[in-house]
Amino acid sequence: MIKKTVLIPLKQEFFNRKTVTVARELLGKILVKNYNNSILTGRIVETEAYLGDSDPACHAYGKITKRNEVLFEKPGTIYVYFIYGNYFCFNVVTEQEGVGSAVLIRAVEPIQGIDTFKKRRNFLKDIYNLTNGPAKLSMAFGFNLKDNRKDITGGEIFIAADSTKVKFEIEISERIGLNKGTEFPYRFFIKGNRFVTKHKFNK
DNA sequence: GACAAGATTAGCT
DNA sequence: GCTAATCTTGTCT
């Protein structure tokens with residue numbers, strides 16, 4: 001049922017564009033992690049754009065600190081941060097070096113390694129609940145602070161184009177879970193996909 | 001050195 | 001639908 005596909009990492013140029021563009025085009029792409037000789041993959045179905053200079057909700061808004069400096073690195077850098085005590089969120093830095101912007105991966109559709117995902121998610125049976133949230137997918141893929149600052153264009157973690165070329169419609173909404181900057185329509189997700197986070201905007 | 005807040009989730013009602 | 005859990009980071013003293 002799962003076709004063997006050739007996974008070629010997206011290059012740095014892909015991320016060296018406007019954050020909103022990258023966020024939209026990341027939909028349908030394949031998130032890949034090589035893990036102890038096995039491989040974990042998932043189709044990206046939901047993203048959010050965070051723009052550094054003009055976006056109060058972005059970690060990079062304001063001044064550079066030790067925590068957010070990764071956001072100003074070169075495009076294609078992985079930015080993982082810890083939140084609410086227990087959870088990680090997985091971002092990819094966009095635009096040119098020195099611009100503090102990134103795309104948050106909010107949800108993926110599991111493709112390979114579902115057994116591993118389930119194990120990491122406390123043997124959850126409902127696959128629609130495995131990776132439909134930024135912290136959930138980070139748990140399933142095993143992302144943590146050790147992955148912060150890594151290069152996503154060539155390493156054990158990367159994003160590949162979808163060779164199956166499945167067609168889908170893109171839906172846009174306001175972002176989720178923020179106190180500031182919620183008015184920006186920077187959230188992108190695949191219309192009708194069951195692996196998108198269940199939320200008020202998604203009803 | 002101490003404290004408050006946060007791009008969330010799980011679990012219970 | 002609501003609330004607790006949980007800890008890193010930034011800011012202030």
Side-chain angles (χ1 to χ4, degrees), chain A residues 15 18-20 22-24 26-27 31 42 44-73 77-95 99-110 116-150 152 157 159 171-190 194-203:
Chain A
F15 302 100
K18 280 205 187 303
T19 307
V20 175
V22 176
R24 192 169 52 228
L26 275 177
L27 292 179
L31 180 60
I44 297 172
V45 298
E46 184 177 352
T47 63
E48 279 182 16
Y50 283 88
L51 280 58
D53 46 357
S54 57
D55 185 355
C58 184
H59 283 178
Y61 183 74
K63 53 187 170 184
I64 299 179
T65 64
K66 198 171 184 182
R67 182 196 191 196
N68 67 22
E69 64 181 358
V70 179
L71 286 167
F72 296 87
E73 298 249 340
T77 304
I78 297 170
Y79 173 49
V80 176
Y81 68 91
F82 204 71
I83 192 73
Y84 294 118
N86 275 346
Y87 303 106
F88 298 101
C89 289
F90 183 78
N91 304 251
V92 184
V93 176
T94 59
E95 308 209 23
V99 179
S101 56
V103 174
L104 168 69
I105 311 295
R106 286 191 56 86
V108 303
E109 174 183 335
T116 302
F117 293 151
K118 286 181 179 170
K119 197 189 299 177
R120 291 208 178 126
R121 300 275 290 113
N122 206 20
F123 297 98
L124 200 69
K125 288 177 184 167
D126 179 14
I127 68 165
Y128 295 108
N129 209 21
L130 275 179
T131 53
N132 63 331
K136 292 182 186 178
L137 78 89
S138 296
M139 257 187 275
F141 274 83
F143 295 135
N144 57 54
L145 289 177
K146 280 185 290 188
D147 298 314
N148 197 25
R149 268 200 131 103
K150 280 185 184 170
I152 207 170
I157 302 165
I159 294 174
E171 193 122 333
I172 302 173
S173 80
E174 297 170 342
R175 290 178 298 187
I176 289 175
L178 308 184
N179 297 322
K180 299 171 182 176
T182 53
E183 67 276 15
F184 297 116
Y186 290 160
R187 173 174 176 246
F188 304 92
F189 58 95
I190 294 179
R194 289 193 61 183
F195 295 92
V196 170
T197 54
K198 301 179 180 80
H199 214 274
K200 55 184 175 180
F201 295 118
N202 199 21
K203 277 181 182 168

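The model shown is predicted, which means the values in this text are computed figures rather than measured ones.
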Between the side chain of A:Ser101 and the main-chain N/O of A:Leu51, is any donor-acceptor distance below 3.5 Å?
no
Counting N and O atoms only, with roles assigned by atom type, does the side chain of A:Thr131 sit under 3.5 Å from a partner on the main chain of A:Val108, one being a donor and the other an acceptor?
yes
With A:Glu69, which residues qualify under side chain to side chain donor-acceptor pair (under 3.5 Å), at least two apart?
A:Arg149
Between atom [atom1] in [X] and atom [atom2] in [N], what is the gap in whole Å?
{"X": "A:Tyr81", "N": "C:dC7", "atom1": "OH", "atom2": "P", "value": "17 Å"}
{"X": "A:Tyr84", "N": "C:dT3", "atom1": "OH", "atom2": "P", "value": "16 Å"}
{"X": "A:Asn68", "N": "C:dT9", "atom1": "CG", "atom2": "P", "value": "12 Å"}
{"X": "A:Ile83", "N": "C:dT9", "atom1": "CD1", "atom2": "P", "value": "11 Å"}
{"X": "A:Asn86", "N": "C:dT8", "atom1": "CG", "atom2": "P", "value": "10 Å"}

Taking only heavy atoms on the protein side, list every residue of residues 135-147 of chain A lying under 4.0 Å from any atom of DNA chain B, sorted numerically.
A:Ala135, A:Lys136
Quick one, which residues of residues 47-65 of chain A touch DNA chain B with a heavy atom under 4.0 Å?
A:Tyr50, A:Ala57, A:His59
Take A:Glu46 and A:Thr197, measure what side chain to side chain donor-acceptor pair (under 3.5 Å) needs, and give me the verdict at the end.
CA-CA 8 Å; A:Glu46 184 177 352; A:Thr197 54; 2.9 Å; yes
Taking a pair as Watson-Crick (N1 to N3 plus N6-O4 or O6-N4) or G-U wobble (N1-O2 and O6-N3), both under 3.5 Å, which stems of 3 or more consecutive pairs involve DNA chain B?
B:1-6 with C:7-12, B:8-12 with C:1-5
When rounded to the nearest 0.5 angstrom, what is the spacing between [atom1] in [X] and [atom2] in [Y]?
{"X": "A:Ile157", "Y": "A:Leu31", "atom1": "CD1", "atom2": "CG", "value": "8.0 Å"}
{"X": "A:Glu48", "Y": "A:Arg187", "atom1": "CD", "atom2": "CZ", "value": "6.5 Å"}
{"X": "A:Leu137", "Y": "A:Arg121", "atom1": "CG", "atom2": "CZ", "value": "9.5 Å"}
{"X": "A:Asn91", "Y": "A:Tyr50", "atom1": "CG", "atom2": "OH", "value": "8.0 Å"}

Counting only heavy atoms from other residues, nucleotides and ligands, does the tally under 6.0 Å from OH of A:Tyr61 exceed 12?
no
Check salt bridge (Lys or Arg N to Asp or Glu O under 4.0 Å) between A:Lys118 and all other residues, then give those that pass, not counting sequence neighbours.
none
Do the rings of A:His59 and A:Tyr81 sit parallel, tilted or perpendicular, given the 30° and 60° boundaries?
perpendicular
Specify whether A:Phe195 and A:Tyr128 have parallel, tilted or perpendicular ring planes, treating 30° as the upper limit for parallel and 60° as the lower limit for perpendicular.
tilted
Nucleotide interval of DNA chain B bounded by contacts with chain A (heavy-atom cut-off, under 4.0 Å)
B:dG6 to B:dA10
Pick the nucleotide of DNA chain C nearest each of A:Phe82 and A:Arg67; which residue has the one closer to the 5' end?
A:Phe82
Heavy atoms only: give me the nearest A:Phe188-A:Val20 pair and the separation to one decimal.
CZ-CG1, 3.4 Å
Determine the contact category for A:Asn91: base if any of its heavy atoms lies under 4.0 Å from a base atom, sugar-phosphate if only primed atoms, P, OP1 or OP2 are that close, otherwise nothing.
base
